[in-house]
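Please read the structure below before turning to the comments.
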Amino acid sequence: MRPTYTAEAELAGGWWAITIPELHGVFSQAKRLARVEYMARDAISLWLEIPPDSFDVVVKEFLEPSTQESIRAADVARRAAAESQREASAK
């Protein structure tokens, strides 16, 4: 069974601050959320001196409530726009 590590990512000053709770002292950062897993994997493999493909990484992002609400509102608007587009295409 492969070990699994958690990459906790919190947006701070335009960067995602990454901590690995299972490994005290392992930190990293990423400019984009899409890069969090890669950066976490790199930090873990360097810390443990193991290949980066020898374990799994689960990313958990933490956002402030106002940011979560903005994302939710954008998702609702995006879905409404897609539905409007489908209706317009059908006509």
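This is a predicted model, so every value here is computed, not measured.
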Would you say the side-chain atoms of Ser54 pair up with the backbone N or O of Ile50, donor to acceptor, closer than 3.5 Å? no
Mark yes or no for whether Gln29, through its side chain, and Ile18, through its backbone, hold a donor-acceptor pair below 3.5 Å. no
Decide if atom NZ of Lys60 counts as having more than 12 heavy atoms of other residues, nucleotides or ligands within a radius under 6.0 Å. no
Taking atom CZ of Arg2 as the centre, report whether more than 12 heavy atoms of other residues, nucleotides or ligands fall under 6.0 Å from it. yes
Between Leu23 and Ile44, is any pair of side-chain heavy atoms under 4.5 Å apart? yes
Hey, does Glu61 have a side-chain heavy atom less than 4.5 Å from the side chain of Val36? no
Give the minimum heavy-atom separation between Ala30 and Met39, together with the two atoms involved. CB-CG, 4.0 Å
For Pro51 versus Ser45, what's the shortest heavy-atom pair and its separation? C-CB, 4.1 Å
Within one Ile-Leu-Val-Met-Phe-Trp-Tyr cluster: Ile20 and Leu11, side-chain cutoff 4.5 Å: yes
Between Asp75 and Arg78, does at least one N-O distance fall below 4.0 Å, as a salt bridge requires? yes
Ionic contact status for Glu37 with Arg41, cut-off 4.0 Å: yes
Give the intermediate values and the outcome of side-chain contact (heavy atoms from CB on, under 4.5 Å) for residues Val58 and Thr4. CA-CA 7 Å; Val58 175; Thr4 300; 3.6 Å; yes
Selection residues 5-59 - residue pairs positive for ring-ring contact (aromatic ring centres under 6.0 Å, His included), sequence neighbours left out: Tyr5-Phe55
